[in-house]
2 protein chains.
Amino acid sequence: MSETTESERVKGELAESDQVMSLIGLNSKIQKRIGGALSAHGIGVTEYLVLNQLYATPTQTMRRSDLAERVGLSPSGVTRLITPMEKTGLVQKEDNPRDARVSLVTLSASGKQIYEDAQASFAHASAALLEPLTDEQLRAFSECLKVLSKGFS
Amino acid sequence: MSETTESERVKGELAESDQVMSLIGLNSKIQKRIGGALSAHGIGVTEYLVLNQLYATPTQTMRRSDLAERVGLSPSGVTRLITPMEKTGLVQKEDNPRDARVSLVTLSASGKQIYEDAQASFAHASAALLEPLTDEQLRAFSECLKVLSKGFS
DNA sequence: GTGGAATGCTTGAGCTTGCAATTATTTGGG
DNA sequence: CCCAAATAATTGCAAGCTCAAGCATTCCAC
């Protein structure tokens, strides 16, 4: 009784392979298009992700390790990404008086402004990217992505 | 008459921003999970993409620049990726007698074997990744990805 | 044919990121 | 109180990639 089950499972997995392959290809496209759109604002995709996280936080302040997890980067990646962002004034570094180990990152006024500008470009590029989908497909796609993003890291 | 249209367009774009953000997050997950699964075979995700392309070609041979476009890499990226693969015997380099500029890449017997092994791991990891989707969602998702992958580069 | 444009690949320099080791600080059991 | 374990961030090194420049070869208009 296991033979048909097995063959169906394998067939299913192959289909899912194709979809992951498509996702990888799609990501390549995203990086190029979105990256191109954001370059007009002097930031890269990863920097945008960081600004996005800070902007969405009530205090606009976050610990580096939380930031790392949120944007899918390693802690060292965050350090090396943020150092130049601090130099250009997008964010500011702050100490946590309660715990001297943590290093807080805050969105600066100019960082907020640049993020808001970049947000428009990001939205525009995103719309162009997903333009081939019908409204109905877009809704279904959105639903799938929501499900898949549940447990993130 | 343009006001509501404009506001709807902007609202639409914001929703699409969210989806692209989800896609970026999803890609981070893919790279980690699939990369982890493939590491058991001694190859990375990009190397898998190359083997996959060669395997799918009737002659199992391809020009480097075609390979570059297919896997979304720059030509120099292909050179630097393939050099070690040649050393480990996954692929072989061949000259094209008709045009001495081009450098052909061929899948070797051991490369073919390793690809087939890796394919199973890739499929398994892909299935696990998409497991939260219902069958119906999976079909819709597949359809969307097919549409979005139409014009690739 | 011949010279300049186009094509295919490689190489040098540099960027971004991860992993492992290191440093600094806090926490908790004794 | 104190020391070991845990936690947060940074740093050295290496991998993987891109861009721009360079080289070899082919194509094409004349």
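Reminder, nothing fancy here: chain letters follow the sequence lines and each chain counts from 1.
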Taking distance alone, no hydrogens or angles, what donor-acceptor pairs closer than 3.5 Å link side-chain atoms of residues 129-139 of chain A to residues at least two apart or in another chain?
| from | atom 1 | to | atom 2 | distance (Å) |
| --- | --- | --- | --- | --- |
| A:T134 | OG1 | A:Q137 | N | 3.1 |
| A:Q137 | OE1 | A:T134 | N | 3.1 |

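- In this structure, the side chains of A:S126 and A:I34 come closer than 4.5 Å at one or more pairs of heavy atoms.
- With contacts defined as side-chain heavy-atom distances shorter than 4.5 Å, the pair B:V105/B:K93 does not qualify.
- No donor-acceptor contact under 3.5 angstrom links the side chains of A:T59 and A:T57, judged on distance only.
- A side-chain donor from one of B:E94 and B:T106 sits under 3.5 Å from a side-chain acceptor of the other.
- The environment of A:N96 atom CG is dense: over 12 non-hydrogen atoms of other residues, nucleotides or ligands sit within 6.0 angstrom.
- From the 5' end on, the contacts that DNA chain C makes with chain A at under 4.0 Å to a non-hydrogen atom open and close at C:dT17 to C:dT26.
- Note: the hydrophobic cluster containing B:M62 does not contain B:L104 (ILVMFWY, side chain heavy atoms under 4.5 Å, direct or indirect links).
- In this structure, B:V102 is not a member of the same hydrophobic cluster as B:V50, with clusters built from ILVMFWY side-chain heavy atoms closer than 4.5 Å.
- Applying the salt bridge (Lys or Arg N to Asp or Glu O under 4.0 Å) test to every pair with at least one member in residues 101-130 of chain B, sequence neighbours left out, gives these pairs: B:D99-B:R101.
- Two residues are said to be in side-chain contact when any heavy atoms from C-beta on lie closer than 4.5 Å; A:N27 and B:L23 fail this criterion.
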Give me the distances for all protein-to-nucleotides 14-19 of chain D N/O pairs that come in under 3.5 Å?
| from | atom 1 | to | atom 2 | distance (Å) |
| --- | --- | --- | --- | --- |
| D:dC17 | OP1 | B:T46 | OG1 | 2.6 |
| D:dT18 | OP1 | B:S74 | N | 3.3 |
| D:dT18 | OP2 | B:S74 | N | 3.1 |
| D:dT18 | OP2 | B:S74 | OG | 2.6 |
| D:dT18 | O4 | B:R80 | NE | 3.2 |
| D:dT18 | O4 | B:R80 | NH2 | 3.4 |
| D:dC19 | N4 | B:S76 | OG | 3.0 |

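- The residue from B:Y55, B:Y48, B:Y115 that alone fulfils the ring pair (Phe, Tyr, Trp, His ring centres under 6.0 Å) condition with B:F122 is B:Y48.
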List every contact pair, protein side and nucleotides 21-27 of chain D side both N or O, where the distance is under 3.5 Å.
| from | atom 1 | to | atom 2 | distance (Å) |
| --- | --- | --- | --- | --- |
| D:dT26 | OP1 | B:A100 | N | 2.9 |

| query | Is there a side chain to side chain contact (heavy atoms under 4.5 Å, CB included) between B:S121 and B:H41 once you walk through the steps? | reply | CA-CA 9 Å; B:S121 296; B:H41 305 276; 2.6 Å; yes

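- For D:dA9, neither phosphate oxygen OP1 nor OP2 lies less than 4.0 angstrom from any side-chain nitrogen or oxygen of A:S103.
- Residues of residues 59-67 of chain A having a heavy atom closer than 4.0 Å to DNA chain C: none are found.
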